[in-house]
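Order of listing sets the numbers, starting from 1, for every ligand and every atom in it.
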Amino acid sequence: MNKNDIIRLHIVDMTADGSGVGKCDDGTVVFVPDTAVGDVCDVRILKVKKNLCYGKIEQIVESSSDRVEPQCEVSTRCGGCVYRHLKYEAELRIKQKKVYDAVTRIGKVDGAKVKTIIGADDVRIDRYRNKAQIPVGLNKNGEVEMGFYSKHSHRIAPCSDCLLSPDIFTRISATFKEFVTKYPYLIYNEEKHSGKIRHLYLRIGECTNEVMVCVVVNGKSFEHQEELFNSIIEKYSEVKSIVINVNKSKTNVILGYENIVVFGKEAITDVLCDLTFELSPLAFYQVNRVQAQRLYEKAREYAHLHGDEVLMDLYCGTGTIGLSMAKECKELIGVEIIDKAIENANKNAKNNGIENARFICSDAEEAALKLKREGITPDVIVVDPPRKGLTEKLIDTIAQMNPTRVVYVSCDPATLGRDLKQFEENDYSVKEITPVDLFPRTAHVESVCLLEKE
Ligand code: SAH
């Protein structure tokens, strides 16, 4: 097979990151994005490796029955919604299988323990995100572009209406675009590290309908800023906070550390699991509130607290999971590595009148070891690590602390599978796993798993 060959391919499977998979007669596997199982298509080969190739669709010859027309203007370029061309049922089937395959193949868990995925309601498959970070740039014709970075690049795929974002974000973006189109010299140039305006960053507290507008600036202010802020305030009564986030670094990292409040409050508020949370520009918060709530409720059910337990919440972020269970335990200990998140967690506890919680800023593995040495014996431990999962050492320490139950919240089925295997070697058995779709249309899937001491 050579680059630029065109071959006819039957799509028979999907990869974990949402590419279709076809197999040539000679056994070569070809990965083709934006396809669906059941498609027959002509594919142009883009890249040839030893036993596999990457291709793109030239023409669909026969359409899979899972297909729908993607409504989005940039779905094949932006790379966010890898399943936008599929019916949602098909997407859920793929995600269910992704979790099932990972935990049964890698984790050797009995497949019957994987429950049916908790999908989003029909009305929440789109427009569920409460946060958007929109890059602003000029294209080679000098025209203003706002949208999303294309797959694996720093080129902007222009998009005026992201279907994952609420309508109010689309409207505010349009007002913002009018402003930068009037003063294009204000736009930041990544290569030259010149200009001012880098990103528009929006957040909404869905329950309160409060909106935060944050402009990420290479500096502390920009010319004509009052004109922009006044027009936003005039047009959108939902906007309760306008902030300049200062980011003068030559970096891909979107947000800087300093925030200057130019209008209203320094944080907006939202309600999650009957608790209020303050969303400052840098505070971590789940982007899909409704599905996060379902995930946390499942975690709470698995934690099965009665009121007299010590609960440990490792990788606690701003404390959301532990705090949602704090009323049902004697003591809550949260651990998180980012000090700002710990500050938020303490504040969240205080604002909700929770007095039995303490939060430790530390690496989870180190904190667990230290707490174990201090003789702390949690009854239930919740973990919610980033994609890379837990360390072997941490799993050993958790097992030595001897909790009755471990509730593992995971954003990566593969590392979940790997870690479950180690838990089982440490006399913890997997009782149940529930996948939850927190990110409809994208390749991501969360799971929550209950482990019990044998
Ligand atoms: N449980 C929270 C946050 C989960 S995201 C929620 O549901 O909102 C994972 C968190 O782990 C992040 O806040 C990240 O800062 C934190 N983290 C990453 N590495 C860590 C480590 N080694 N030790 C402790 N926390 C860590």
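- Among protein heavy atoms, the minimum distance from atom 23 (N) of ligand 1 is reached at Ala364 N, 2.8 Å.
- Closest to atom 25 (N) of ligand 1, if we only count protein heavy atoms, is Ile337 N, 3.3 Å.
- Expressed to the nearest 0.5 Å, how far CG of Leu311 lies from CZ of Arg300 amounts to 12.0 Å.
- Note on ligand 1: Tyr296 sits in its first shell, one or more heavy atoms being nearer than 4.0 Å.
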Donor-acceptor contacts, no H, no angles, side chain residues 234-245, under 3.5 Å, sequence neighbours left out:
residue, atom, partner, partner atom, Å
Tyr236, OH, Arg171, O, 2.9
Tyr236, OH, Thr175, OG1, 2.5
Lys240, NZ, Ser237, O, 3.0
Ser241, OG, Lys265, O, 2.7
Asn245, OD1, Gly256, N, 2.7
Asn245, ND2, Gly256, O, 3.0
Asn245, ND2, Asn259, OD1, 2.8

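- With hydrogens left out, the protein atom closest to atom 26 (C) of ligand 1 is Tyr315 CD2, 3.3 Å, a heavy atom.
- Atom CD1 of Ile360 is separated from atom NZ of Lys370 by 6.5 Å, given to the nearest 0.5 angstrom.
- Only the backbone of Ser362 comes within 4.0 Å of ligand 1, judged by heavy-atom distances.
- Residue Val335 places no N or O, backbone or side chain, under 3.5 Å from any N or O of ligand 1.
- Geometrically, ligand 1 and Glu336 share a nitrogen or oxygen pair separated by less than 3.5 Å.
- Taking only non-hydrogen atoms, the option from Thr391, Val383, Val382, Thr320 nearest to atom 8 (O) of ligand 1 is Thr320.
- Residues Tyr296 and Tyr302 keep their aromatic ring centres 6.0 Å or farther apart.
- Heavy atoms of Gly322 stay at 4.0 angstrom or farther from ligand 1.
- Close placement of the Tyr54 and Phe31 rings is indicated, their centers lying within 6.0 Å of each other.
- A heavy-atom distance below 4.5 Å is found between the side chains of Cys159 and Glu73.
- When only modelled atom types and interatomic distance are considered, Arg93 and Gln96 share no side-chain donor-acceptor pair under 3.5 Å.
- Ligand 1 places these atoms under 4.0 Å from at least one heavy atom of Ile338: 15 (O).
- For Cys316, the heavy-atom gap to ligand 1 drops under 4.0 angstrom.
- With no hydrogens or angles considered, no side-chain donor-acceptor pair links Glu328 and His306 at under 3.5 Å.
- Only the side chain of Gln286 comes within contact range of ligand 1, with a heavy atom under 4.0 Å; no backbone atom does.
- With hydrogens and angles left out, the side-chain atoms of Lys453 and Asn402 include a donor and acceptor closer than 3.5 Å.
- Scanning the protein for heavy atoms near atom 18 (C) of ligand 1, the closest one is Pro386 CG, 3.5 Å.
- With a 4.0 Å heavy-atom cut-off, ligand 1 is reached by the side chain of Phe284 but not by its N, CA, C or O.
- Protein heavy atom at the shortest distance from atom 9 (C) of ligand 1 is Asp384 O, 3.4 Å.
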| request: Go through Tyr188 and His199 one step at a time and tell me if the ring-ring contact (aromatic ring centres under 6.0 Å, His included) criterion holds. | output: CA-CA 9 Å; Tyr188 178 70; His199 270 78; 9.1 Å; no
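- For atom 22 (N) of ligand 1, the nearest non-hydrogen atom of the protein is Asp363 OD1, 2.7 Å.
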